[in-house]
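All ligand and atom numbering here is 1-based and tracks the order in the structure. Quantities reported herein were computed from a predicted structural model and do not represent experimental measurements.
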Amino acid sequence: MHTETDQKIYSFELFPPKTEKGFEKMQQTVSTLQALGPAYFSVTYGAGGSTQQRTFDTVDWLCSEKIVTAPHLSCIGSDRDEIIEILEHYKSQRINRLVALRGDLPSGVGLGGLGELSNANQLVELVRETYGNYFHIEVAAYPEVHPQAVNAEEDLGFFKRKVNAGANSAITQYFYNPDAYFRFVDDCRRVDVEIPIVPGIMPITNFIQLARFSDGCGAEIPRWLRKRLEGFGDDLDAIRDYGSEVVTRLCERLLEGGAPGLHFYTMNQAAPTQTIWKNLGL
Ligand code: FAD
C-alpha cells in the first residue's frame, strides 16, 4: 500500500473530567501533549446524559488556551434544535472541526428517548444542510465491525452513507490487529469511499479496564495479547512496558502501510501516548 498523504495527521482524544482534580490532571496532560504539536485535541461527548456540560466546559477551556479543538457530538436522544444550538455555540468559538456520532443511549433509557436523529449519517446531513462546508466532519469507522451490525458488508454500506452525507475523514475504533484496518481500508476503496481513515490507537495501561471496555465496544484483544497481559497479573509496570512495545509496533506497521495519521485515545494520561510517540520518533 502506498502512503495516502505525505502530511500525516496526529490527534489526541480527551474525555471531560468529572472532578476538579481530574480537570487539573487533564490540563497538565494537554500541556504535555500540546508540546508534541498535534493537529487537534478532540473531546468526547455523552449521549443523553448529564455529562454534556462537562464536554462544553472542557471545550471552553481548550478554546481559551487557543488549542485547536474538535468536539465530539452525538445525535441519539437529541432533537435537531438542540444540535443546532450546540453547533451555533461551537461556531461562535470559531470551532470548525467536529467528530459526528450516533452515540449510545445511557442504559435504562427506552426507545422513546431516541430523539429525531437515529444514525450518524443524519447528523452529518444536518450539519451539512445547515452550515455547508464550514465544519470539517470526522465520523467513526469500525475495522472489526460495529457491535450492533448484522455483518461487515452492511456496516460498510452504512459507513458509506455517512461519507456520502458529507464526512471529510474518519477515525477508527481501536484495534490491535493491523490486518483488520488494512482490509477495512481496502473494502472502503472497493466501494469508492476515498476519505482518509485514521486509525484510533489505544495505549495499553490497565488490562482489566481494557478488557471490560473492549467487550462493550466490539474491539478485539487478540488471544496472544490477552494471554500475555493476563500473565503480568497486578504488575502494572510490566503491562505498560509490554503494552507500549506492542502498540508502538502496531503504529509502525500502520504508518508504513499508508495510514494517513494516528488518533490517540489518551484516556487523559500523557505518559502512555508520549512513550509511543517517542518510540516512533515522531
Ligand atoms: P452509526 O454510524 O450511526 O452506526 C451505528 C450502528 O447502526 C452500526 O451498527 C451501523 O451499521 C448501523 N447504521 C448506521 N447507519 C444506519 C442507518 N442509516 N440505518 C440503520 N442502521 C444504520 N460514543 C459516545 O457516546 N461519545 C463519544 O464521544 C464517542 N466518540 C467516539 C469516537 C470514535 C472515533 C469512535 C470510533 C466511537 C466513538 N463513540 C462515542 C462510540 C459510538 O458512539 C458508538 O460506537 C455508537 O454505538 C455508534 O456510533 P456511530 O456514530 O458509529 O453510529
Side-chain angles (χ1 to χ4, degrees), residues 9 11-17 40-52 54-56 58-59 69-78 83 86 90 97-107 109 111 113-127 136-175 180-181 184 187-188 191 193 195-202 213-220 259-268:
I9 295 257
S11 49
F12 299 136
E13 181 170 310
L14 305 166
F15 65 84
Y40 65 92
F41 282 82
S42 81
V43 185
T44 63
Y45 180 77
S50 55
T51 63
Q52 295 176 347
R54 296 205 288 263
T55 298
F56 304 142
T58 305
V59 169
T69 307
H72 294 209
L73 182 59
S74 55
C75 60
I76 203 162
S78 296
I83 301 276
I86 295 169
Y90 287 153
R97 193 169 196 130
L98 294 172
V99 182
L101 303 145
R102 182 196 73 178
D104 293 306
L105 282 177
S107 55
V109 178
L111 286 179
L114 279 178
E116 288 177 352
L117 306 165
S118 47
N119 281 105
N121 64 298
Q122 292 171 294
L123 175 60
V124 176
E125 271 162 27
L126 176 64
V127 178
H136 177 108
I137 305 177
E138 306 272 355
V139 287
Y142 302 86
E144 294 180 337
V145 185
H146 185 266
Q148 290 158 0
V150 176
N151 58 50
E153 201 58 23
E154 191 184 275
D155 206 28
L156 180 66
F158 287 132
F159 178 65
K160 186 177 162 100
R161 268 174 88 162
K162 289 196 280 199
V163 175
N164 289 349
N168 299 94
S169 46
I171 303 170
T172 75
Q173 184 57 278
Y174 66 89
F175 54 87
Y181 170 80
F184 178 73
D187 286 346
C188 286
V191 297
V193 169
I195 60 167
I197 298 169
V198 176
I201 302 298
M202 179 70 86
F213 202 50
S214 302
D215 284 345
C217 66
E220 192 175 79
L262 300 170
H263 177 80
F264 288 90
Y265 295 108
T266 70
M267 306 303 282
N268 290 8

Trainee: Looking at non-hydrogen atoms alone, which of Y174, Y45, F158, F15 comes nearest to atom 24 (C) of ligand 1?
Mentor: Y45
Trainee: Taking both backbone and side-chain atoms of A120, is any N or O found less than 3.5 Å from an N or O belonging to ligand 1?
Mentor: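 There is such a contact, yes.
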Trainee: I197 and Y181: side chain to side chain contact (heavy atoms under 4.5 Å, CB included), yes or no, with the steps?
Mentor: CA-CA 9 Å; I197 298 169; Y181 170 80; 4.0 Å; yes
Trainee: What I want to know is whether H72 and ligand 1 share at least one N or O pair that is separated by under 3.5 angstrom.
Mentor: yes
Trainee: Looking at every non-hydrogen atom in both residues, tell me the closest pair between T55 and T44 and how far apart they are.
Mentor: OG1-O, 2.8 Å
Trainee: Is there a polar contact, in the sense of an N or O pair closer than 3.5 Å, between K162 and ligand 1?
Mentor: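 So ligand 1 has an N or O lying under 3.5 Å from an N or O of K162.
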Trainee: Which atoms form the tightest heavy-atom contact between C75 and N119, and what is the distance?
Mentor: SG-O, 3.7 Å
Trainee: With heavy atoms of Q173 as the reference, note each atom of ligand 1 found under 4.0 Å away.
Mentor: 36 (C)
Trainee: Using a plain distance cutoff, I'd like to know if T44 has any nitrogen or oxygen under 3.5 Å from a nitrogen or oxygen of ligand 1.
Mentor: no
Trainee: May I ask you to check whether H136 and S169 show a side-chain donor-acceptor distance below 3.5 Å?
Mentor: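 Present: a donor and an acceptor within the cut-off.
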Trainee: Is it the case that ligand 1 has an N or O less than 3.5 angstrom from some N or O of N119?
Mentor: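 Yes: some nitrogen or oxygen of N119 is under 3.5 Å from one in ligand 1.
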Trainee: Judged on heavy-atom distance to atom 40 (C) of ligand 1, which of V43, L101, I76, L117 sits nearest?
Mentor: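 Of the listed residues, L101 has the closest heavy atom.
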Trainee: Heavy-atom pairs closer than 4.0 Å: do any link ligand 1 to the side chain of Y142, the backbone, both, or neither?
Mentor: side chain
Trainee: Tell me whether T172 contacts the main-chain N or O of Y142 through its side chain, where contact means a donor paired with an acceptor under 3.5 Å.
Mentor: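 Side chain of T172 to backbone of Y142, a donor-acceptor pair under 3.5 Å: no, none is there.
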Trainee: With a cut-off of 4.0 Å, which atoms of ligand 1 are near a heavy atom of A140?
Mentor: 35 (C), 36 (C), 52 (O)
Trainee: Counting from 1, what ligand 1 atoms have a heavy atom of D155 closer than 4.0 Å?
Mentor: 8 (C), 9 (O), 10 (C), 11 (O)
Trainee: For ligand 1, which part of N121 has a heavy atom less than 4.0 Å away: the side chain, the backbone, both, or neither?
Mentor: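 Just the side chain.
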Trainee: T172 versus ligand 1: do any nitrogen or oxygen atoms come within less than 3.5 Å of each other?
Mentor: no
Trainee: For residues 137-154, pull every pair meeting salt bridge (Lys or Arg N to Asp or Glu O under 4.0 Å), keeping only residues two or more places apart or in separate chains.
Mentor: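 The answer is R97-E138, E153-R190.
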Trainee: Can you list the ligand 1 atoms lying under 4.0 Å from a non-hydrogen atom of R161?
Mentor: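 Those atoms are 18 (N).
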Trainee: I'd like to check whether D104 has a polar contact with ligand 1, where a contact means an N/O of the residue lying under 3.5 Å from an N/O of the ligand.
Mentor: yes
Trainee: Below 3.5 Å, N or O to N or O, backbone or side chain included: is there any such pair between G103 and ligand 1?
Mentor: yes
Trainee: Please determine if Y265 has a nitrogen or oxygen closer than 3.5 Å to a nitrogen or oxygen of ligand 1.
Mentor: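 There is no such contact.
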Trainee: Do you know the tightest heavy-atom contact between L73 and L123?
Mentor: O-CD2, 3.3 Å
Trainee: Step through the shown structure and confirm whether more than 12 heavy atoms of other residues, nucleotides or ligands are within 6.0 Å of CZ on F56.
Mentor: yes
Trainee: Considering only heavy atoms, does E138 approach ligand 1 within less than 4.0 Å through its side chain, its backbone, both, or neither?
Mentor: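 No part of E138 comes within reach of ligand 1.
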Trainee: If we ignore hydrogens and angles and just use 3.5 Å, is the side chain of D155 paired with the main-chain N or O of V145 as donor and acceptor?
Mentor: no
Trainee: Would you say the side-chain atoms of N121 pair up with the backbone N or O of F158, donor to acceptor, closer than 3.5 Å?
Mentor: no
Trainee: Between H263 and S11, is there a side-chain donor-acceptor contact under 3.5 Å, judged purely by atom types and distance?
Mentor: yes
Trainee: Please check whether E13 reaches ligand 1 - meaning an N/O of the residue sits under 3.5 Å from an N/O of the ligand, judged on distance alone.
Mentor: no
Trainee: For ligand 1, which atoms have a heavy atom of A149 less than 4.0 angstrom away?
Mentor: 9 (O)
Trainee: Give every residue pair that meets the salt bridge (Lys or Arg N to Asp or Glu O under 4.0 Å) criterion with at least one member in residues 160-169, sequence neighbours excluded.
Mentor: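 Matches after skipping sequence neighbours: none remain.
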